[in-house]
There are 2 protein chains.
Amino acid sequence: MFERSRPAGDRPSWAAARLTWKEPVSHPMSADPTSRRDIPDATVARLPEYLRALSDAADRGVLSVSSEELATAAGVRPTQLRKDLSHLGSYGIRGVGYDVEHLALEISRALGLTQDWPVAIVGMGNLGRALAAYSGFATGGFHVAALFDEDAALVGTRIGDVLVEPMADLPRLVADRGVSIGVIATPAGSAQQVCDTLVRAGVRSVLNFAPLVLSVPGDVDVRRVDLSTELHVLAFHEQRKQLAAGQGQDVGHGVGVGR
Amino acid sequence: MFERSRPAGDRPSWAAARLTWKEPVSHPMSADPTSRRDIPDATVARLPEYLRALSDAADRGVLSVSSEELATAAGVRPTQLRKDLSHLGSYGIRGVGYDVEHLALEISRALGLTQDWPVAIVGMGNLGRALAAYSGFATGGFHVAALFDEDAALVGTRIGDVLVEPMADLPRLVADRGVSIGVIATPAGSAQQVCDTLVRAGVRSVLNFAPLVLSVPGDVDVRRVDLSTELHVLAFHEQRKQLAAGQGQDVGHGVGVGR
DNA sequence: ACATGTGAAGGCCTTCACAGCA
DNA sequence: TGCTGTGAAGGCCTTCACATGT
């Protein structure tokens with residue numbers, strides 16, 4: 001089982017805090033972020049889940065985990081986990097497992113979470129307000145640097161500790177506050193224009209909640225989150241299950257935890 | 001370009017409404033949902049985007065689209081689109097393109113959106129309220145059938161047109177209203193318990209917004225949406241770009257629209 | 001002529017089997 | 001002995017080239 005020892009609750013803050021892990025002397029090569037390139041996209045997509053599972057383990061005072069324990073907590077197979085981690089380096093101890101704090105640091109470093117990322121959110125509707133108040137921003141390398149809305153009635157109000165600013169001030173504030181990640185929580189109709197404004201202001205990473213595909217220059221990354229898409233995929237599988245049940249015939253889908 | 005003719009605005013409602021498309025007599029085989037099985041997961045994940053793009057086209061009065069036009073709107077390659085659609089059937093016309101309304105109907109049918117899915121949302125925090133008010137539920141085969149929260153102060157209040165119910169009534173209401181899809185918008189701490197309650201009530205499709213991997217029986221589908229994960233992935237690519245820029249060296253990442 | 005539909009090729013990712021090391 | 005790290009195998013998905021049909 002998990003090896004626990006440190007009292008639960010004193011969670012090490014990997015992001016932002018400079019870590020105290022000492023590299024064993026027998027491993028003279030220290031990993032800087034530039035030495036390990038070519039991490040597959042599929043692996044990058046799973047690293048945040050590993051980090052979250054490690055954070056949970058640390059909260060419970062766990063010091064060391066095996067690939068099997070960590071994989072279970074992350075909803076993947078142990079071999080998948082080990083292959084993924086092998087792309088970062090050799091941070092495990094053979095015959096033992098992984099040091100929770102050390103592995104969390106290395107994943108944080110790989111993901112770029114050892115620095116703090118200022119995020120701007122545009123669109124203060126229901127979703128935008130929920131995002132602005134989201135506690136997940138505080139933990140792990142992100143903070144809400146600015147909020148924007150085109151509605152004059154909303155400008156000047158506060159959401160949490162942050163003032164809602166007019167769109168006209170976006171270029172200046174994005175530059176002044178070093179915003180590098182923009183979140184679009186506007187209706188679909190204004191999303192492309194908002195995106196263009198963000199890109200012109202220097203933002204090259206965009207998280208898009210509006211239901212459309214944004215056009216951006218090749219050096220800009222866009223990730224989209226869409227509730228409708230998720231529901232549609234669930235409906236597809238649900239339909240399969242209901243058909244199979246109705247016909248008393250097993251389609252053999254069998255999706256378990258994860259995936 | 002797009003062939004347009006029908007006046008914009010009169011959008012055909014594929015979901016819920018029974019459609020009026022007449023199958024050409026030369027195609028005697030009508031496609032029922034059970035005839036075309038084995039649609040790859042990767043394809044299923046893209047079908048909602050095709051449907052959205054078709055919906056936009058229909059809104060603009062477009063009657064027919066080529067695979068190239070539709071692919072551009074959906075952020076994929078034309079060959080990808082045609083291969084995906086080939087898994088549903090042959091709904092295009094060679095030398096011409098696809099009938100917008102007909103293709104939308106076929107995709108809706110494949111996804112199971114020709115029937116209405118009652119959705120229950122648990123957790124009426126900022127996110128839960130935003131989801132309950134989300135207009136995307138209305139369009140396309142879903143409706144909010146019930147809202148739940150454990151906080152007695154929230155129970156009895158209305159969000160939109162729907163009353164917030166106590167958790168104790170969940171099993172009864174889920175059964176009475178035929179809920180088959182559950183949305184979890186609670187904190188991580190109560191998510192597993194809520195999930196167990198939903199599954200015990202008969203829900204076999206779950207959309208999880210809480211930051212943890214849920215344990216469910218093998219016949220239950222879970223999809224997770226996590227803001228932190230999306231931000232982490234963006235931070236990874238952003239770090240790459242900043243390193244590349246700092247060293248005046250092109251890493252050649254080049255992520256464009258989509259992907 | 002032109003755009004769809006599809007077998008085949010290629011590439012990426014997952015899984016396996018076992019080598020490597022504490 | 002036990003668990004990590006990894007080359008090799010296998011499977012899924014994307015892309016290509018072209019056959020097919022209007």
Side-chain angles (χ1 to χ4, degrees), chain A residues 1-3 23-27 29 31 36 38-47 49-50 54 63-72 74-100 102-103 106-107 253 255-259, chain B residues 1-3 24-27 29 31 36 38-47 49-50 54 63-72 74-100 102-103 106-107 253 255-256 258-259:
Chain A
M1 255 314 257
F2 288 98
E3 173 196 326
E23 195 77 22
V25 190
S26 54
H27 278 194
M29 170 94 95
R36 289 277 176 178
D38 65 287
I39 302 178
D41 284 349
T43 294
V44 172
R46 283 186 294 266
L47 290 180
E49 192 59 33
Y50 302 156
L54 286 167
L63 294 182
S64 173
V65 293
S66 67
S67 64
E68 181 154 354
E69 291 162 345
L70 190 54
T72 299
V76 301
R77 303 278 169 78
T79 53
Q80 173 103 274
L81 174 77
R82 294 203 299 275
K83 176 65 92 180
D84 283 341
L85 295 183
S86 77
H87 291 114
L88 307 187
S90 291
Y91 299 127
I93 302 166
R94 294 175 195 235
V96 178
Y98 301 88
D99 178 277
V100 169
H102 179 215
L103 183 56
E106 293 300 343
I107 294 177
H253 188 251
V255 171
V257 177
R259 176 148 289 238
Chain B
M1 254 318 253
F2 289 98
E3 174 196 326
V25 189
S26 54
H27 279 194
M29 169 96 96
R36 288 278 175 179
D38 65 286
I39 302 178
D41 284 348
T43 295
V44 172
R46 284 185 293 266
L47 290 180
E49 191 59 33
Y50 302 156
L54 286 167
L63 293 183
S64 173
V65 291
S66 67
S67 63
E68 181 153 355
E69 292 163 345
L70 190 54
T72 299
V76 301
R77 304 278 168 79
T79 53
Q80 174 102 272
L81 173 77
R82 293 203 299 272
K83 177 62 94 179
D84 283 341
L85 295 183
S86 76
H87 291 113
L88 308 188
S90 291
Y91 299 126
I93 302 166
R94 295 177 194 235
V96 178
Y98 301 88
D99 178 278
V100 169
H102 180 214
L103 184 56
E106 293 300 343
I107 294 178
H253 188 250
V255 171
R259 174 151 293 234

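Sequence lines set the chain letters: A, B, ... in the order given, protein chains first and strands last, and positions in each chain run from 1.
Shown here for A:V96 and A:S64, the closest heavy-atom pair between the two residues is CG1-OG, 4.2 Å. Contact record, B:L47 with B:I107: O-CG2, 3.8 Å, taken as the closest heavy-atom pair. Closest approach of B:Y50 to B:D84, counting heavy atoms only: OH-OD2, 2.6 Å. Here the closest heavy-atom approach between residue B:V65 and residue B:E69 is recorded as CA-OE1, 3.3 Å. A pairwise comparison of heavy atoms in A:T43 and A:H87 identifies OG1-ND1, 3.7 Å as the closest pair.
In this structure, B:E69 places its CD atom 15 Å from P of C:dC2, rounding to the nearest Å. The CD1-P distance, from B:I39 to D:dT14, rounds to 14 Å in whole Å. Rounded to an integer number of Å, the gap from A:D84 CG to C:dT14 P is 7 Å. The NE2 atom of B:H102 sits 15 Å away from the P atom of C:dT4 (whole-angstrom rounding). Here the C1' atom of nucleotide C:dT4 and the CG atom of B:D99 are 15 Å apart, to the nearest Å. The nearest whole Å value for the distance from the CD atom in B:E68 to the P atom in C:dG5 is 15 Å. Between the P atom of C:dC13 and the CG atom of A:L81 lies a distance of 17 Å, rounded to the nearest Å. In this entry the distance linking CZ of B:R46 with C1' of D:dC13 reads 8 Å, nearest Å.
For the atom pair A:R77 CZ and A:E68 CD, the distance stands at 11.5 Å (nearest 0.5 Å). Rounding to the nearest 0.5 Å gives a distance of 10.5 Å between CZ of A:R46 and CG of A:D41.
OP1 or OP2 of D:dT15 has not a single side-chain nitrogen or oxygen of B:T79 nearer than 4.0 Å. The phosphate of D:dC13 has neither OP1 nor OP2 within less than 4.0 Å of any side-chain N or O from B:Q80. When the side-chain nitrogen and oxygen atoms of B:Y98 are compared with OP1 and OP2 of C:dG5, one or more of them lie within a distance under 4.0 Å. Considering only side-chain N and O atoms, A:R82 lies nowhere under 4.0 angstrom from the phosphate OP1 or OP2 of D:dC3.
Within the 4.0 angstrom heavy-atom criterion, no nucleotide atom of any strand lies near A:P78.
Proximity note for A:S86 (side chain, C-beta onward) versus C:dT14, C:dT4, D:dG5: the nearest is D:dG5. Of the candidate nucleotides C:dT6, D:dT15, D:dC13, C:dT6 has the atom nearest to the side chain of B:S90. Distance from the side chain of A:D41 is smallest for C:dC13 among the nucleotides C:dT6, C:dC13, D:dT4.
Nearest-nucleotide assignment on DNA chain C puts the 5′-proximal partner with A:K83, out of A:I93 and A:K83.
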I'd like a list of close polar pairs between nucleotides 19-21 of chain D and the protein, N/O only, cut-off under 3.5 Å.
unit_1, atom_1, unit_2, atom_2, d
D:dT20, O2, B:R94, NH1, 2.4
D:dG21, O4', B:R94, NE, 3.4

